[in-house]
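See below for the structure under consideration.
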Amino acid sequence: MEALVCKKLGDPTALKSSISEADNDSPIILSKTHPIPQLKSPTSVRVRVKATSLNYANYLQILGKYQEKPPLPFIPGSDYSGIVDAVGSGVSLLKVGDRVCSFAGLGSFAEFLVADQADLFKVPDGCDLVAAGALPVAFGTSHVALVHRAQLTSGQVLLVLGAAGGVGLSAVQIGKVCGAVVIAVARGDEKVQFLKSLGVDHVVDSSKESVIASVKDFLKERKLKGVDVLYDPVGGKLTKESMKLLKWGAHILVIGFASGEVPVIPANIALVKNWTVHGLYWGSYKIHRPVVLEDSIRELLSWVAKGQITIHISHTYSLSEASLAFAAIKDRKAIGKVMITIDDERSVKSKL
């Protein structure tokens with residue numbers, strides 16, 4: 001089978017063209033003779049992967065800068081969707097031909113992947129299979145953060161940093177489903193206009209205006225006292241600025257550090273303001289609170305099927321174009337999700 005293999009740590013965007021097994025400079029190669037994984041137990045299911053999502057964490061992992069560092073070589077990739085290809089003798093929940101989606105610690109950047117039946121979710125009618133492959137990590141992160149941790153409720157003010165990215169855009173949509181007043185921060189006219197088209201209550205272009213001044217003017221206009229929940233996948237200076245907008249009793253959701261800078265949240269101010277700071281490492285829920293994770297994904301799939309949320313796919317690529325896909329993530333070109341589709345004749349095409 002075809003599989004994208006990380007053979008050494010480094011920048012996967014260094015090669016700006018299609019990759020192959022002959023590439024010696026790139027940390028990733030496209031193997032066309034990788035062994036097809038076999039069923040490991042009676043409850044194992046082999047999935048023919050249709051689509052797999054690129055997340056910023058996948059990029060960091062290949063760079064060697066992610067908190068989890070698998071031994072080399074490894075097949076990257078986390079959330080995916082596909083068709084059941086084979087089932088073990090003890091599988092009762094699925095059959096060959098079923099449409100499924102899930103997530104894995106590694107391995108989704110390949111034509112086939114094996115998982116236990118308990119880890120797979122049926123994709124409901126009305127949910128596009130490629131979109132389902134984009135859902136688990138980004139939307140799962142935002143759903144657990146906003147619904148389970150911050151317990152966002154109708155009428156509260158949600159401030160989303162990096163709002164046009166994969167997790168940011170999912171947070172914006174989940175915030176609207178929860179009935180919150182959503183303020184989105186992004187960079188550039190295209191991203192700002194797209195966020196406005198989603199019905200976001202207020203959008204700040206951080207490349208042109210002061211986040212603090214713009215948000216304060218909006219809050220004053222709406223007669224709102226401040227921000228109840230800060231959703232932060234960016235970190236750095238923007239986090240420090242945004243803390244000035246938080247009201248007493250606010251929740252801070254630490255999602256990631258796309259800026260490359262880990263922010264400092266002053267404990268003395270958190271004490272005085274009664275803030276709650278939530279560290280949100282979504283993947284660890286699989287170990288510590290799996291039921292929360294499973295319930296979250298099932299609810300998200302039902303929201304997609306009902307049209308309550310829409311998964312916006314900015315770019316799709318083939319496995320051989322993985323370097324270009326990672327470049328779209330690194331250069332922040334995407335609005336929403338970047339996907340790799342497998343067994344699909346279409347090469348990269350922007351859908352926006």
Salt-bridge criterion met for K95 and D98 (N-O under 4.0 Å): yes

Give, for atom OG of S296 and atom CZ of R289, the distance between the pair rounded to the nearest 0.5 Å. 12.5 Å

Is the H312 ring parallel, tilted or perpendicular to the F194 ring (thresholds 30°, 60°)? perpendicular

Would the distance check show the side chain of T141 and the main-chain N or O of V137 forming a donor-acceptor pair, the cut-off being under 3.5 Å? yes

Here the gap from I329 atom CD1 to L324 atom CG, rounded to the nearest 0.5 Å, amounts to 12.5 Å

Testing R99, R46, K50 for salt bridge (charged side-chain N to carboxylate O under 4.0 Å, His left out) with D85, which one passes? R46

For I287, the rest of its hydrophobic cluster, which grows through side-chain links under 4.5 angstrom: none

With a 3.5 Å distance limit and no angle check, can you tell me whether N55 reaches the backbone of N58 through a side-chain donor-acceptor pair? no

State, without any angle test, whether S44 and D116 hold a side-chain donor-acceptor pair at a distance under 3.5 Å. no

With distance as the sole criterion, is a donor-acceptor pair present between the side chains of S214 and H202 under 3.5 Å? yes

So, F103 versus W282, ring centres under 6.0 angstrom or not? yes

CG (D125) with more than 12 external heavy atoms under 6.0 Å: no

Steps toward side-chain contact (heavy atoms from CB on, under 4.5 Å) verdict (Q173, F139): CA-CA 9 Å; Q173 292 196 62; F139 278 83; 3.9 Å; yes

Which label fits Y285 and H148: parallel for a plane angle under 30°, tilted from 30 to 60°, or perpendicular past 60°? perpendicular

Applying salt bridge (Lys or Arg N to Asp or Glu O under 4.0 Å), name anything that partners R222, two or more places apart in sequence or on another chain. D201

Taking salt bridge (Lys or Arg N to Asp or Glu O under 4.0 Å) as the definition, give me every residue that meets it alongside K223, ordered by chain and number, with sequence neighbours left out. none

Do K240 and P263 have side chains that approach each other closer than 4.5 Å (heavy atoms only, starting at C-beta)? no

Look up atom CG in L54 and atom OG in S108, then write down how far apart they are to the nearest 0.5 Å. 8.5 Å

Qualifying salt bridge (Lys or Arg N to Asp or Glu O under 4.0 Å) pairs with a residue from residues 264-286, counting only residues at least two apart or across chains: D119-K286

For K208, the salt bridge (Lys or Arg N to Asp or Glu O under 4.0 Å) test, sequence neighbours excluded, returns D189

Between the main-chain N or O of T13 and the side-chain N or O of D11, is there a donor-acceptor pair closer than 3.5 Å? yes

What orientation do H315 and Y317 show, parallel under 30°, tilted 30 to 60°, or perpendicular over 60°? parallel

Contacts of H34 meeting ring-ring contact (aromatic ring centres under 6.0 Å, His included) (sequence neighbours excluded), chain-then-number -> none

Relative to each other, are the rings of Y281 and Y66 parallel, tilted or perpendicular (30° and 60° limits)? perpendicular

Shortest non-hydrogen separation from S323 to P12 and the atoms involved: OG-O, 3.0 Å

